[in-house]
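Here the structure comes first, spelled out in structure tokens, and everything after it is commentary.
Worth knowing before you read on, the calculation uses all heavy atoms, side chains too, and leaves out hydrogens, waters and symmetry mates. In what follows, chains are A, B, ... by sequence order, proteins preceding strands, each numbered from 1.
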Number of protein chains: 2
Amino acid sequence: MPTRAPRADAVVNRARIVSSARAALVESGGSVEGLRLQAVAKDAQVGQGTLYRHFPTREHLVAEVYRQEMTELVQTVPALLAEHPPLQALELWLDRLLEYARVKRGVVAAIEASAWQDLYADNEHRLDHALQTLLDEGAAAGAVREGVDATDVILLLGALSRVPEGQWDARAHTLVTVILDGLRRYR
Amino acid sequence: MPTRAPRADAVVNRARIVSSARAALVESGGSVEGLRLQAVAKDAQVGQGTLYRHFPTREHLVAEVYRQEMTELVQTVPALLAEHPPLQALELWLDRLLEYARVKRGVVAAIEASAWQDLYADNEHRLDHALQTLLDEGAAAGAVREGVDATDVILLLGALSRVPEGQWDARAHTLVTVILDGLRRYR
DNA sequence: CAGTTAAGCGGACGAATGTCCGTTACGCTG
DNA sequence: CAGCGTAACGGACATTCGTCCGCTTAACTG
């Protein structure tokens, strides 16, 4: 039962929506809740219904905009674990997340959203799975506390998406440090 | 230059708006972003403009709904500090916050909002000040890390307002524990 | 009490969101 | 290539938000 490929016009429209959303996110400083979907549809030259048909919620749209970033964050976990102890791997991974989020503020919001909804059709972008791997390896090594799962951490990392634009440098690293230290297992 | 007292009808309308908002929040499980202001105005039997005149944003409205809770959380800090070491006082205070938030899910959202806007006319409800006192005393005692301020902690506590209804028991205490342990200063 | 002032009102209005129905046009098949 | 099925479309519509203007009325003063 092979599903038919999307129509060519739908593929083009979808790409145009994503492109317009990406530009609008840059314009709004990565503010997902400030993303005006009507304006995105207009800029993409599609009707409003078309936008919602492709992306049922704004989270779906943002997740698609940042698909590449999510993939990279997920794919970097095995290499970090291969080269570093689990806790250090976790720290380096969080630093990488900070780098992404510094430039593209919507990434954290996309991560938050993807923790609660299955926004991608495959596991390649399941950042919660990747993060869970880091936590599991850390716990197995006795360096990360048990009883915390990836969703908990994503909830906490959500704080990053709420830092005002002008306070990123003052707060972001501190937040991640507190979270990381809270995850440590001290003996 | 004494300011005139509010008119009697305005006082009544304001109280009706708050009462309707409180009921609506209970109905929606404390979801602030799901609070429909038009419905609140209608239920309160006031015009839409009247609602916005009294409460310019939904955060102002929610802050008023939970004014009593905020006062109690603020006022409990000196007593906790008088009877316990700072870190333990902080822990007990966070436990108290959890109790409030368990029953009234909008309390954390009100705290979040009040960290960024001056929503109360006095300092009696400045929860960020109260929390800062706990952090300062803890740092002075060498038990809480330095370089973290109340706003950082409030950002992190924002995770609580995003825990889905059915997962509170599974996650809330863990989140607060991670935050608290991240705030500790280990030597 | 009457007159005045301005606090406070209601709801019309435009913008934005999300839904859905009639129409269009893409892609497949014979 | 023509015809058919249906994927996909545009945009009207109702709802909600937030603003603002003309009107109402509460409160003060002489």
Side-chain angles (χ1 to χ4, degrees), chain A residues 1-21 23-25 27-65 106 109 113 116-117 119 121, chain B residues 1-21 23-25 27-65 106 109 113 116-117 119 121:
Chain A
M1 274 300 104
T3 309
R4 197 172 85 175
R7 280 172 29 177
D9 56 342
V11 170
V12 170
N13 283 339
R14 183 183 171 96
R16 288 209 329 230
I17 294 169
V18 173
S19 176
S20 291
L25 280 167
E27 189 88 2
S28 72
S31 164
V32 174
E33 69 281 351
L35 184 65
R36 295 192 299 112
L37 297 183
Q38 190 192 27
V40 170
K42 187 164 184 171
D43 185 68
Q45 293 177 311
V46 299
Q48 305 205 156
T50 300
L51 188 144
Y52 286 95
R53 210 160 14 250
H54 285 276
F55 301 101
T57 66
R58 60 180 56 231
E59 283 83 22
H60 285 82
L61 178 54
V62 170
E64 186 59 36
V65 168
W116 302 114
Q117 307 172 60
L119 301 179
Chain B
M1 273 297 106
T3 309
R4 200 174 85 174
R7 280 170 33 175
D9 57 341
V11 171
V12 169
N13 283 339
R14 184 183 171 96
R16 289 211 324 232
I17 293 168
V18 173
S19 177
S20 291
L25 281 166
E27 189 89 0
S28 72
S31 164
V32 175
E33 70 280 349
L35 184 66
R36 295 191 298 111
L37 297 183
Q38 189 194 29
V40 170
K42 186 165 188 175
D43 185 69
Q45 293 176 308
V46 300
Q48 304 203 157
T50 300
L51 187 144
Y52 285 94
R53 210 162 10 251
H54 286 278
F55 301 102
T57 66
R58 64 181 54 232
E59 282 82 22
H60 285 83
L61 179 53
V62 171
E64 187 57 36
V65 170
W116 302 111
Q117 306 172 60
L119 300 180

>> Using whole Å, what does the distance between atom C1' of nucleotide dC4(D) and atom CZ of Arg4(A) come to?
In response: 12 Å
>> At 4.0 Å (heavy atoms only), tell me whether Pro56(B) reaches a base, stays on the sugar-phosphate, or touches nothing.
In response: nothing
> Can you find a heavy atom in the side chain of Tyr52(A) that is under 4.5 Å from one in the side chain of Leu37(A)?
Replying inline: yes
> Does a side-chain N or O from Thr50(A) land closer than 4.0 Å to OP1 or OP2 of dA8(D), or not?
Replying inline: no
> Between Tyr52(A) (OH) and dC20(C) (P), how many Å, whole number?
Replying inline: 13 Å
> So does Arg7(A) get a side-chain nitrogen or oxygen closer than 4.0 Å to the phosphate oxygens (OP1/OP2) of dA7(D)?
Replying inline: no
>> dC9(D), OP1 or OP2 - any side-chain N/O from Arg53(A) closer than 4.0 Å?
In response: yes
>> Please evaluate residues Arg16(B) and Asn13(B) with respect to the criterion side-chain contact (heavy atoms from CB on, under 4.5 Å), reporting the C-alpha separation (whole Å), side-chain torsions for both, the decisive distance (0.1 Å), and the verdict.
In response: CA-CA 5 Å; Arg16(B) 289 211 324 232; Asn13(B) 283 339; 4.1 Å; yes
> In whole Å, what is the span from the CD atom of Gln45(B) to the C1' atom of dG11(C)?
Replying inline: 16 Å
> Taking CG from Leu37(B) and P from dG10(C), how many angstroms apart are they, rounded to a whole number?
Replying inline: 16 Å
> Tell me: CG of Leu35(A) to P of dA15(C), nearest whole Å?
Replying inline: 19 Å
>> Side-chain N or O of Arg58(A) versus OP1/OP2 of dT17(C): is the shortest distance under 4.0 Å?
In response: yes
>> Strictly below 4.0 Å, N to O, side chains only: are Glu64(A) and Arg14(A) in salt-bridge contact?
In response: yes
>> Looking at Asn13(B), I'd like to know whether one of its side-chain N or O atoms comes within less than 4.0 Å of OP1 or OP2 on dG8(C).
In response: no
> Roughly, in whole Å, what's the span from NE2 in His60(B) to P in dC17(D)?
Replying inline: 17 Å
> Expressed in angstrom and rounded to an integer, what is the separation of Glu33(A) atom CD from dG18(D) atom P?
Replying inline: 13 Å
>> How close do Leu35(B) and Ala21(B) get, counting heavy atoms only, and between which atoms?
In response: CD1-O, 4.2 Å
> With sugar-phosphate meaning primed atoms plus P, OP1 and OP2, does Leu51(B) contact a base, only sugar-phosphate, or nothing at under 4.0 Å between heavy atoms?
Replying inline: nothing
> Of the non-hydrogen atoms in Gly47(A) and Ala41(A), which two are nearest, and what is the gap between them?
Replying inline: O-CB, 4.2 Å
> Contact class for Ala39(A) vs. all strands (heavy atom < 4.0 Å): base, sugar-phosphate, or nothing?
Replying inline: nothing
> Think His54(A) has a side-chain N or O under 4.0 angstrom from the OP1 or OP2 of dC9(D)?
Replying inline: yes
> Between dA16(C), dA8(D), dC17(D), which nucleotide has the shortest distance from any of its atoms to the side chain of Arg36(B)?
Replying inline: dC17(D)
>> Between the base of dG10(D) and the side chain of Gln48(A), is one N or O donor paired with an acceptor at under 3.5 angstrom?
In response: no
> Can you check the Gln38(A) CD to dT19(C) P distance for me, whole Å?
Replying inline: 15 Å
